[in-house]
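All chains are named by letter (A, B, ...) in the order of the sequence lines, taking the proteins before the strands, and each is independently numbered beginning at 1.
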2 protein chains.
Amino acid sequence: MARQPITPTDSELQILSILWDLDPAPGSSHGSSHGLPTGTVRQVHAEITKHRPVGYTTVLKLLQIMLDKGLVLRDESERSHVYRPAVPRAKTQRRLTRDFIDTAFSGSAKSLVIEALGARRPSAEELADIRRLLDEMEGSK
Amino acid sequence: MARQPITPTDSELQILSILWDLDPAPGSSHGSSHGLPTGTVRQVHAEITKHRPVGYTTVLKLLQIMLDKGLVLRDESERSHVYRPAVPRAKTQRRLTRDFIDTAFSGSAKSLVIEALGARRPSAEELADIRRLLDEMEGSK
DNA sequence: TATTGTCAACGAAATGTTTCGTAGTTTGAT
DNA sequence: ATCAAACTACGAAACATTTCGTTGACAATA
């Protein structure tokens with residue numbers, strides 16, 4: 001089984017984010033998530049227009065293209081088709097982060113971490129979480 | 001003075017990385033760096049073709065476009081023009097990281113840090129560096 | 001049943017990015 | 001002085017992305 005190396009564009013990523021947020025099974029400890037249903041074009045359009053003005057058919061077209069690319073799946077059993085992400089958020093974030101580290105930081109994760117801490121200051125609790133993760137990583141070497 | 005919010009494309013970023021590496025003054029503690037000279041089209045082309053095949057004039061054109069966009073500056077006093085980054089690496093990385101956090105991680109720096117640590121495992125020394133930075137950040141709250 | 005609203009499909013324009021061929025200039029050897 | 005090599009500039013093709021108008025199907029309602 002081959003992995004699809006298709007990277008979403010920024011617009012596509014925005015839509016994926018909305019779909020991931022709509023996903024009814026965000027919890028549960030196993031990786032895949034997915035409570036199946038998820039969003040219609042109208043729902044996605046409603047969310048997206050909170051941030052920037054864009055036509056309904058633009059969003060529709062985007063989702064159709066994303067279906068072609070294999071970024072989303074859809075259920076056509078109802079008149080209003082229901083779209084859902086083809087890949088879980090975590091997996092996509094991992095791929096994007098890997099690419100980003102390579103293109104913007106010459107492969108140095110450390111540099112990115114430092115930049116991230118400086119760019120959008122995490123709260124004290126978040127810092128504590130990060131520290132905890134570091135402990136784990138050093139512990140289980 | 002207004003800041004130019006021009007974001008380099010991936011190809012442009014690749015070229016910028018090469019120019020930053022060529023910059024003769026990477027050290028010194030003040031932010032701006034820049035020992036002025038830096039690279040010719042031929043140098044950039046030579047570097048870039050180590051990674052992927054691309055024509056000389058393609059690189060030339062890219063650099064001309066980047067000049068238009070204000071991403072690079074050039075010295076035309078010699079026949080072979082010499083290009084150098086208009087913005088220091090650190091500043092660009094900060095901007096890109098900010099954007100990336102917002103588009104891929106809904107604004108959560110913490111999430112990105114965690115992802116980065118998982119995506120490209122830093123070495124033990126690097127982890128120590130990160131831990132040191134965390135100490136500083138929590139110390140000077 | 002006629003009208004109005006909601007939807008998917010499609011085509012195509014507008015825009016942005018990447019690529020390279022060609023032309024013309026300058027430099028350095030024969 | 002001729003020729004070849006090394007450059008820049010420019011135009012335009014090839015792609016990819018984003019945007020939306022129009023069409024036709026279907027559904028709800030008057």
Side-chain angles (χ1 to χ4, degrees), chain A residues 4-19 22 37-84 92 96 99 103-104, chain B residues 4-19 22 37-84 92 96 99 103-104:
Chain A
Q4 41 158 4
I6 289 179
T7 304
T9 66
D10 278 0
S11 293
E12 289 168 348
L13 186 56
Q14 188 183 14
I15 288 178
L16 282 176
S17 293
I18 292 169
L19 291 179
L22 289 175
T38 317
T40 63
V41 177
R42 186 146 303 280
Q43 282 176 291
V44 172
H45 179 249
E47 275 304 314
I48 230 174
T49 48
K50 286 180 185 171
H51 302 295
R52 69 189 169 101
V54 67
Y56 174 88
T57 57
T58 302
V59 176
L60 169 62
K61 182 66 162 186
L62 249 311
L63 279 165
Q64 286 169 345
I65 290 172
M66 291 169 76
L67 180 66
D68 267 13
K69 292 188 181 176
L71 290 172
V72 296
L73 305 174
R74 79 175 169 193
D75 174 356
E76 309 179 4
S77 66
E78 299 295 321
R79 181 152 111 88
S80 299
H81 297 173
V82 176
Y83 292 83
R84 61 198 163 86
T92 302
L96 291 176
D99 290 350
T103 67
Chain B
Q4 41 157 4
I6 289 179
T7 304
T9 66
D10 278 359
S11 293
E12 289 168 347
L13 186 56
Q14 187 183 15
I15 288 179
L16 282 177
S17 294
I18 291 170
L19 291 179
L22 288 175
T38 316
T40 62
V41 177
R42 186 144 303 280
Q43 283 176 290
V44 173
H45 179 250
E47 274 306 312
I48 234 175
T49 48
K50 286 180 184 170
H51 302 294
R52 68 191 169 99
V54 66
Y56 175 88
T57 57
T58 301
V59 176
L60 169 62
K61 181 67 161 186
L62 248 311
L63 279 165
Q64 288 169 344
I65 290 172
M66 291 169 75
L67 181 65
D68 268 13
K69 291 188 182 176
L71 290 171
V72 295
L73 306 173
R74 79 174 170 192
D75 174 356
E76 308 180 3
S77 66
E78 299 293 321
R79 181 150 111 87
S80 297
H81 299 173
V82 176
Y83 292 84
R84 62 200 163 86
T92 302
L96 291 175
D99 291 350
T103 67

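Residues B:Leu13 and B:Leu96 meet the side-chain proximity criterion, which asks for heavy atoms closer than 4.5 Å.
Here A:Lys69 reaches the OP1 or OP2 of D:dT17: one of its side-chain N or O atoms lies under 4.0 Å away. Using a 4.0 Å cut-off, some side-chain N or O of B:Thr58 falls inside it from OP1 or OP2 of C:dC20. Regarding contacts with the backbone of C:dT18, every side-chain N or O of B:Arg52 stays at 4.0 angstrom or more from both OP1 and OP2. Proximity of A:Thr9 to the phosphate of D:dT18: a side-chain N or O atom is located under 4.0 Å from OP1 or OP2. In terms of phosphate contacts, A:Tyr56 brings no side-chain nitrogen or oxygen within less than 4.0 Å of OP1 or OP2 of D:dT19. For C:dC7, the OP1/OP2 oxygens have no side-chain nitrogen or oxygen of A:Arg74 closer than 4.0 Å.
Put simply, CG on B:Asp10 is 14 Å from C1' on C:dG16, counting in whole angstrom units. As a whole-Å value, the separation of A:Leu63 CG from D:dC20 P is 15 Å. To the nearest angstrom, C1' of C:dA9 lies 10 Å from NE2 of A:His81. The NE2-C1' distance, from B:His45 to C:dC20, rounds to 11 Å in whole Å. With rounding to whole Å, B:Glu12 atom CD is found 13 Å from C:dG16 atom P. As a whole-Å value, the separation of B:Leu71 CG from C:dT18 P is 12 Å. Nucleotide D:dT17 holds its P atom 13 Å from the CG atom of A:Leu13, rounded to whole Å. Between A:Ile48 atom CD1 and D:dT19 atom C1' there is a gap of 12 Å when expressed in whole angstrom units.
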- Task: Evaluate the criterion side chain to side chain contact (heavy atoms under 4.5 Å, CB included) for residue pair A:Arg52 and A:Ser11; output intermediate values, then yes/no.
- Result: CA-CA 11 Å; A:Arg52 69 189 169 101; A:Ser11 293; 4.0 Å; yes
- Where do A:Ile65 and A:Glu12 land on the side chain to side chain contact (heavy atoms under 4.5 Å, CB included) test, with the steps shown first? CA-CA 9 Å; A:Ile65 290 172; A:Glu12 289 168 348; 4.1 Å; yes
- Item | Per-nucleotide pairing state of DNA chain D [Watson-Crick or G-U, under 3.5 Å; [ ] pseudoknot-crossing; | other strand] | ||||||||||||||||||||||||||||||
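Relative to the side chain of B:Lys61, the nucleotides D:dA12, C:dT22, C:dG11 differ in distance, and D:dA12 lies closest. Considering only the side chain of B:Gln64, D:dT8 comes nearest among D:dT8, C:dA8, C:dT18. The nucleotide whose nearest atom lies closest to any side-chain atom of A:Ser11 is, among C:dA8, D:dT8, D:dT19, D:dT19. Checking C:dC20, D:dT18, C:dA9 against every side-chain atom of A:Leu60, the shortest atom distance belongs to C:dA9.
With A:Thr57 contributing its side chain and A:Leu60 its backbone, the two residues share no donor-acceptor pair below 3.5 Å.
In the displayed structure, B:Glu78 atom CD is contacted under 6.0 Å by at most 12 heavy atoms of other residues, nucleotides or ligands.
A distance of 10.0 Å separates CD in A:Gln64 from CG in A:Leu62, rounded to the nearest 0.5 Å. Within the model, atoms CD1 of A:Ile15 and NE2 of A:His45 stand 10.5 Å from one another, a figure rounded to the nearest 0.5 Å. Between the OG1 atom of B:Thr40 and the CG atom of B:Asp75 there is a distance of 12.0 Å, given to the nearest 0.5 Å. Distance check, rounded to the nearest 0.5 Å: CG of B:Leu71 to CG of B:Leu63 gives 10.0 Å. How far CG of B:Leu19 is from CE of B:Met66: 6.5 Å, rounded to the nearest 0.5 Å.
At a threshold of 4.0 angstrom between heavy atoms, the contacts of B:Thr57 include nucleobase atoms, whether or not backbone atoms are also involved.
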Pull out every protein N or O sitting under 3.5 Å from an N or O of nucleotides 24-30 of chain C, one pair per line with the distance.
residue	atom	partner	partner atom	Å
C:dT26	O2	B:Arg79	NH2	3.3

